[in-house]
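Numbering starts at 1 and runs along the sequence shown. Atoms within each ligand, like the ligands themselves, are counted from 1 in listed order.
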Amino acid sequence: MQERINFLVEKLNHYNTQYYQNDSSEISDFEFDKLLEELKKLEDENPQFKLPNSPTLRVGGDITSDFQTVVHRYPMLSLSNTYNETELLEFDERIRKTVDNPVYVCELKFDGVAISLRYENGIFTQGVTRGDGTQGDDVTSNVRTIRDIPLQIKDKNEIPQDFELRGEVYLSKTQFEVLNQEIVEKAKEKGIEEEKIPDLLLKNPRNAASGAVKMKSSKEMAKRKLSCFVYDAYGTPFDSHTSILEHLEKWNFAVSPFHKKAYGIGEVLDFIKEWEEKRFTLPYETDGVVIKINDLDQREELGFTSKSPRWAIAYKYKAQEAQSKLKSVVFQVGRTGAVTPVANLTAVQLSGTTVKRATLHNEGEIKRLDLHEGDTVFVEKSGEIIPKVTRVVTELREKGAKPIVFIENCPECQTKLVRQEGEAAYYCPNENGCPPQILAKIQHFIHRKAMNIEGIGSKTVELFLKEKLIKDLADLYELDKDKILALPNFKEKSVENIFKGVKESKKQPFKYVLFALGIRHVGASIAEILADEFSSIDNLQKATEEEIANVFGIGQRIAQSIKAYFDEPKNIEIIERLKKAGLQFEQAEKKAVITDGILSGKTFVVSGTFQNFEREELKEKIKTLGGKISSSVSKKLDFLLAGDKAGSSKIEKAEKAGVAVISESDFLKMI
Ligand code: IVH
């Protein structure tokens with residue numbers, strides 16, 4: 001039995017390596033699956049014989065459990081970043097104070113999630129996330145599903161007994177597209193409206209990879225088909241980075257072929273230039289170049305700061321820029337009436353996509369740019385952010401071109417625009433009579449994170465408004481079935497879904513209802529704070545501006561906006577009708593105010609993503625321990641709990657205000 005298992009493991013691992021690393025298949029998929037099935041059966045019947053490098057581990061399992069925290073034997077530091085040549089030259093100067101004629105290795109900086117891989121006696125035994133750099137999560141069963149990572153290293157004579165590798169788990173661009181396509185198809189099968197599908201999609205390959213690594217089911221993780229490049233080793237006998245990479249390649253790890261030795265900083269700059277554009281042709285995303293000292297003894301001599309090694313630096317490419325020409329400026333009216341100027345441009349290629357429109361933000365920005373009709377402009381795009389116009393080439397401006405002026409009246413309903421003191425944006429104040437505001441308000445109302453009315457999508461709202469089936473939010477609860485059935489494309493089944501969705505939405509808790517109303521400046525977290533504090537719409541309506549502003553995390557601007565909302569008779573009428581329809585305008589249970597919890601009297605802002613908790617979960621935890629949550633950083637705050645990718649402006653603001661910035665592990669220690 002053991003022999004047959006050994007044989008099958010050996011064979012299947014060999015086929016896997018051939019297939020995934022050498023692009024060749026020696027047997028058909030069918031034969032492979034049959035052997036794998038046989039192995040799985042034998043292992044299930046004889047678990048004592050299951051080998052740690054069994055290919056059945058690649059398939060993943062259903063078991064969901066919490067990840068164990070593992071303290072890194074070698075801390076997972078980060079790299080100091082730079083965006084400019086001067087700082088690179090300074091880096092080189094610092095290096096040359098310790099090392100004569102440094103030899104660097106340039107590598108691409110892969111945009112994924114860092115992973116630590118442990119091998120004992122040639123067998124992969126542990127995969128751990130970066131966490132806070134000192135400790136991370138044990139995600140071994142998830143990592144086993146990544147085909148680029150060998151479960152066993154063959155070259156037994158040469159391999160160290162116990163060592164660790166570092167690498168980047170990533171999702172290829174193609175696989176990212178495939179997964180999103182699958183999400184679209186599944187959503188359509190389930191009858192989810194098309195307009196709601198974008199919310200369900202994976203945002204970008206990096207998010208998708210970091211989400212996958214932390215999945216509770218390795219079977220699900222396996223479906224994402226992640227990849228992994230390795231780029232570092234600890235506890236190996238090699239004396240240079242290039243020697244490490246050569247050995248890793250020999251041991252069947254995926255090593256990016258695009259690394260290069262650079263003799264001096266000049267060659268480093270050449271490498272950076274070479275890849276600035278070329279990187280977009282790669283099948284995975286990269287956001288810069290990592291420059292490392294090749295010699296490991298020299299690395300030791302150079303040492304580390306508390307955060308990063310002194311022997312390496314990351315050069316990050318600037319957001320891509322392109323030149324285009326202004327065709328026109330249009331003014332868009334948003335849900336809250338804010339008017340945003342948008343530039344229509346002649347089409348231009350930018351970071352692999354075609355750009356035809358770019359935001360101009362507000363009047364101040366148009367003035368800053370000194371934008372004129374027909375101007376030649378530069379547009380910039382970084383990550384998933386909407387492109388923006390960054391500057392104008394005034395030398396190319398045609399004589400007599402007129403400056404772009406901000407409009408005075410709403411382009412949709414001609415109401416005179418207003419601007420509140422201290423705000424950059426102009427608003428159309430006709431919130432209950434301006435068509436795009438009404439449309440956007442209702443679209444916001446039905447949204448998944450608001451009333452979550454399944455069965456009605458944005459397009460349906462548009463149609464209902466056009467056909468005069470609805471005029472405001474409350475009309476959604478007074479729909480006429482026959483009128484909907486009279487519209488083309490509405491069958492009994494879809495109408496049933498609409499009514500079911502509307503009925504279900506009445507169960508949404510008060511904080512969602514408050515958010516759904518679309519009061520200016522009342523986002524989801526502010527709505528939550530208000531719901532906790534006032535526990536009903538009546539209490540909130542009765543509260544004075546001062547009382548509202550005094551609630552922690554609210555402030556004058558929001559309080560004013562809430563009062564203005566209740567001053568509008570049409571809003572009161574809508575609330576009354578929604579009350580009659582049965583929506584939750586009271587907090588189901590008033591949260592007991594905990595006065596003796598270990599976090600009592602402490603206020604937190606929570607930003608970023610976390611290893612052990614969802615952000616909302618963390619907020620709940622803080623509240624149950626007596627702490628308070630705020631949405632913005634101010635002097636009154638006690639802690640900014642910052643996870644991965646926490647807002648850098650929030651961190652800066654906290655540091656300036658003398659607010660303690662703590663990590664997830666600091667927080668865990670605290671509680
Ligand atoms: S070397 C001491 N090489 O960038 C850290 N990192 O900010 C040594 N990364 O956490 C890291 N590509 O997730 C290195 N070729 C590469 C990389 C790379 C991407 C990531 C990695 C690390 C982060 C550093």
Side-chain angles (χ1 to χ4, degrees), residues 72-83 87 91 95 104-117 127-137 139 143 146 148-149 164-172 204-214 226-236 238 240-242 244-245 248-249 253-262 268 271-272 275 279 282 284-294 296 298-300 302-317 608-609 611 643-646 648 663:
H72 294 300
R73 292 190 300 168
Y74 309 92
M76 288 181 83
L77 300 174
S78 57
L79 291 168
S80 52
N81 284 331
T82 172
Y83 289 86
E87 282 178 15
F91 163 75
I95 296 271
Y104 298 108
V105 180
C106 299
E107 273 170 13
L108 293 172
K109 190 168 190 298
F110 316 108
D111 205 7
V113 51
I115 196 83
S116 172
L117 309 167
V128 185
T129 62
R130 178 169 182 274
D132 63 3
T134 311
Q135 53 185 40
D137 282 330
V139 288
V143 173
I146 303 173
D148 283 337
I149 300 174
E164 266 180 47
L165 300 180
R166 295 290 150 79
E168 195 83 353
V169 172
Y170 67 92
L171 190 67
S172 73
N204 56 46
R206 177 175 32 79
N207 269 359
S210 67
V213 167
K214 299 291 299 289
L226 293 164
S227 310
C228 179
F229 278 131
V230 283
Y231 48 65
D232 214 349
Y234 293 87
T236 53
F238 315 120
S240 70
H241 189 66
T242 38
I244 290 177
L245 296 185
L248 294 182
E249 220 179 326
F253 285 92
V255 174
S256 160
F258 308 115
H259 59 269
K260 198 172 177 184
K261 261 194 200 170
V268 169
F271 185 90
I272 290 173
W275 282 98
R279 68 198 173 102
L282 295 173
Y284 43 83
E285 293 200 331
T286 59
D287 60 350
V289 170
V290 182
I291 300 116
K292 309 170 178 178
I293 283 285
N294 190 32
L296 299 199
Q298 290 175 354
R299 282 189 185 182
E300 209 171 307
L302 287 156
F304 300 85
T305 68
S306 62
K307 282 190 232 134
S308 49
R310 288 204 179 86
W311 45 261
I313 194 164
Y315 178 92
K316 300 256 256 176
Y317 287 115
T609 56
Q611 307 290 334
D644 280 352
K645 313 268 179 312
S648 53
S663 69

Under the salt bridge (charged side-chain N to carboxylate O under 4.0 Å, His left out) rule, collect the residues that match up with R130, sequence neighbours excluded.
->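 Per chain and number, R130 pairs via salt bridge (charged side-chain N to carboxylate O under 4.0 Å, His left out) with no residue.
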Who passes salt bridge (charged side-chain N to carboxylate O under 4.0 Å, His left out) against R299, sequence neighbours left out?
->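 D232.
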T286 side chain to G288 main-chain N or O, any donor-acceptor pair under 3.5 Å?
-> no
Check: Y284 ring centre within less than 6.0 Å of F229 ring centre | yes
Tell me, please, which residues at least two apart from S240 pass side chain to side chain donor-acceptor pair (under 3.5 Å).
-> T242
Quick one, list the residues around ligand 1 where some non-hydrogen atom comes in under 4.0 Å, by chain and residue number.
->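 For ligand 1, the contacting residues are L77, S78, L79, E107, L108, K109, F110, A114, E168, Y231, V290, K292, P309.
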Would you please say whether a donor-acceptor pair under 3.5 Å links the side chains of Y231 and E107?
->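 No, E107 and Y231 have no side-chain donor paired with an acceptor closer than 3.5 Å.
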